[in-house]
Amino acid sequence: MKIATWNVNSLKVRLPQVLDWLAAQQPDVLCLQETKLTDAQFPRAEIEAAGYQVVFSGQPAYNGVAILARAPMTELERDLLADDPQKRLLAATINGVRVVNVYVPNGQAVGSEKYAYKLAWLTALRDYLADALKQHEKLVLLGDFNIAPEDRDVHDPEGLAGQVLLSEAERAAFRELTALGLCDVFRLHHQEGGLYSWWDYRAFMFRRKLGIRIDLILASPMLAGSCSSCEVDVAPRRLERPSDHAPVWAEFVV
DNA sequence: ATGGTAGTTTGACTA
């Protein structure tokens, strides 16, 4: 089972690239973040024509998540916090695997209101997963975490130390997820630094190879044990009008 | 120290 995540930064703009990527990579599941579309605007027909079923949770202009899958999706769940208009979580069960797609808040700057919202959201996510892991032995939590777990995930850990995406409180929140038994499967297969999933559009950061690894695939113990590979596909980041994120995928032998 | 770009949308905002 090949499961992928991609922050597309507007599905309206990136739909042709997504359809090309599905055809080239043939994932069983693709989780999207930052679709930036209302449910009424969602391009369901185009995705179904490509051979995928799709569920989505969106709002105007910001956020928005979707799951594309070759097999049927059941037990749909959306929204982590009650009465929150920000659409950032979508979960479904696919072939016995619980798939939890997240777009973690960016947090803007340490100490800001958005940063406090991010930490509160991550606390709610931990509680949500503690419960979900009791119900689902095979679970994958993936998406844009907006957290660089370790210094080797950052091009300039000294220069960016303590800033948003790297701050100790964010990393502590991430470790609370791994403490539940979730494993960052990319690190089962790659130990070196210099491997990133996001590059700022500004200052030629991609061509200068200056990025951060914030798009992650975490798996429950039973699933992590069957992870045969995990890769960042940088090819879409080289295209005209790219997303600022590259897709990340993992293969599980289930 | 700041601003650099891109996407929402047409003035800021978010990232």
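Chain identifiers are assigned alphabetically (A, B, ...) following the order of the sequence lines, protein sequences preceding nucleic acid strands; residue numbering begins at 1 within each chain.
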Restricting both atoms to N or O, compile the protein contacts to nucleotides 13-15 of chain B shorter than 3.5 Å, with distance only.
{"residue": "dC13(B)", "atom": "O2", "partner": "Y62(A)", "partner atom": "OH", "Å": "3.3"}
{"residue": "dT14(B)", "atom": "OP2", "partner": "K114(A)", "partner atom": "NZ", "Å": "2.2"}

Query raised in the report: Is there a donor-acceptor contact under 3.5 Å from the side chain of Q41(A) to the main chain of G58(A)?
Result: no
Query raised in the report: Over how many whole Å does the gap from F204(A) atom CZ to dT5(B) atom P extend?
Result: 8 Å
**Report entry** 5' precedence on DNA chain B between A61(A) and A203(A) (nearest-nucleotide basis)
**Finding:** A203(A)
**Report entry** Geometric class of the W199(A)/F206(A) ring pair [parallel <30°, tilted 30-60°, perpendicular >60°]
**Finding:** perpendicular
Query raised in the report: In whole angstrom, what separates R208(A)'s CZ from dG4(B)'s C1'?
Result: 10 Å
Requested in this report: Please check if L37(A) and L30(A) belong to a single hydrophobic cluster, counting links between Ile, Leu, Val, Met, Phe, Trp and Tyr side chain heavy atoms closer than 4.5 Å.
Outcome: yes
**Report entry** dA15(B) to dG4(B) separation - C1' atoms, rounded to the nearest Å
**Finding:** 13 Å
Query - Donor on one side chain, acceptor on other, W198(A) and D144(A), under 3.5 Å - result: no
Query raised in the report: Going from CZ on R126(A) to CG on L122(A), what distance comes out if it is rounded to the nearest 0.5 angstrom?
Result: 10.0 Å
Query - Rounded distance in Å - CD (Q41(A)) to P (dG7(B)) - result: 16 Å
Query raised in the report: Rounding to a whole Å, what distance do you find between L210(A):CG and dG3(B):P?
Result: 20 Å
**Report entry** Rounded distance in Å between the C1' positions of dA6(B) and dT10(B)
**Finding:** 15 Å
Report summary line: One should read off an interatomic distance between Q17(A) CD and R241(A) CZ, to the nearest 0.5 angstrom, of 9.0 Å
